[in-house]
Amino acid sequence: IANRLRGYFSRRLSSLPDETEDLVQETLLALHLQRGTYDPRWPVSAWVFAIARHKLFDLFRRHGRHGAMHEPLDELDEACHPASDAEPSAQRDLAVLLEALPPAQCAAIVMTRIEGLSMSEASCRSGVSVAALKVQVHRGLKRLALLARNDAT
């Protein structure tokens, strides 16, 4: 069983190879402790891999949803660090996209999504009803997504 578990975990943990053996041991221990839950009418492999899957999910929860997908910047070579400009490119790109929107949609998005105002605060500042502001934000975000998609192709 241990060899099959190693294969199962190593295929799923290519970004965390050091965790494979720990998960094998945790799963074997869980199998031993939960041996009373095995139903002999079903294949033992289904029971083993159900427990293994739960141990794998526990590991993902411990590491966070995206934690395994990112390397800390401290461990990157200096040449791989992103360049820092006075105006980062994402802000520059967003500014260009926002300029393509109608002024009301642009203002609604800036107030609610960038400045972080609530809908009622943005409504007071702009003099537009909350319902109209919601519509402007929705339509503006939809148009931004379309513009960004077209710009990427």
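Both backbone and side-chain heavy atoms feed into the values below; hydrogens, waters and symmetry mates do not. All of these numbers come straight from a predicted model, not from anything done at the bench.
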Checklist outcome for this item: residues 4-31 vs ring-ring contact (aromatic ring centres under 6.0 Å, His included), sequence neighbours excluded, gives Y8-F49
Item to check | R6 versus T20, closest heavy-atom pair with distance | outcome: O-CG2, 3.8 Å
Checklist entry - Less than 4.5 Å apart, any side-chain heavy atom of H54 and any of I51? => result no
Checklist entry - Remaining members of L33's ILVMFWY cluster at a side-chain heavy-atom cut-off under 4.5 Å? => result L29
Checklist entry - Nearest heavy-atom pair of A30 and K55: which atoms, and what distance? => result CB-CE, 3.6 Å
Next on the checklist: I need the full list of ring-ring contact (aromatic ring centres under 6.0 Å, His included) pairs touching residues 24-46, with sequence neighbours left out, sorted by first then second residue.
Outcome noted: Y38-W47
Checklist entry - Side chains of R113 and L141: closer than 4.5 Å at any heavy-atom pair? => result yes
Checklist entry - Is there a chain of hydrophobic side chains (I, L, V, M, F, W, Y, each step under 4.5 Å between heavy atoms) that links V24 to F60? => result yes
Next on the checklist: Working to the nearest 0.5 angstrom, can you tell me the gap between I114 CD1 and C106 SG?
Outcome noted: 7.5 Å
Checklist entry - Which pair of non-hydrogen atoms, one from M111 and one from S126, has the smallest distance, and what is that distance? => result CE-CB, 3.7 Å
Next on the checklist: Looking at R139, I want to see if its CZ is surrounded by more than 12 non-hydrogen atoms of other residues, nucleotides or ligands under 6.0 Å.
Outcome noted: no
Next on the checklist: Measuring from atom CG of L147 to atom CG of L101, what distance do you get when rounded to the nearest 0.5 angstrom?
Outcome noted: 6.5 Å
Checklist outcome for this item: Heavy atoms of L28 and L5 approach each other most closely as CD2-CD1, 4.0 Å
Item to check | Nearest non-hydrogen partners of G140 and Q105, listed with the distance | outcome: CA-OE1, 3.6 Å
Checklist outcome for this item: Those residues at least two apart in sequence (or on a different chain) that pass salt bridge (Lys or Arg N to Asp or Glu O under 4.0 Å) with E121 are none
Item to check | In one Ile/Leu/Val/Met/Phe/Trp/Tyr side-chain cluster, 4.5 Å: I109, V128 | outcome: no
Item to check | Heavy-atom check, side chain of L13 versus side chain of L56, under 4.5 Å | outcome: yes
Next on the checklist: Quick test of your reading: applying ring-ring contact (aromatic ring centres under 6.0 Å, His included), list the pairs with at least one residue in residues 102-129, sequence neighbours left out, ordered by first then second residue.
Outcome noted: none
Checklist entry - Atom CG of L23 and atom CG of D18: how far apart are they, to the nearest 0.5 Å? => result 11.5 Å
Item to check | Distance, nearest 0.5 Å, that separates NZ of K134 from OG of S123 | outcome: 10.5 Å
Item to check | Residues which pass salt bridge (Lys or Arg N to Asp or Glu O under 4.0 Å) with E19, listed by chain and number, not counting sequence neighbours | outcome: none
Next on the checklist: If you count heavy atoms of other groups shown closer than 6.0 angstrom to CZ of R4, is the number above 12?
Outcome noted: no
Item to check | Min side-chain heavy-atom separation V137-M119 under 4.5 Å | outcome: yes
Next on the checklist: Using a 3.5 Å distance criterion without hydrogens, assess whether the side chain of T112 forms a donor-acceptor pair with backbone atoms of L117.
Outcome noted: no
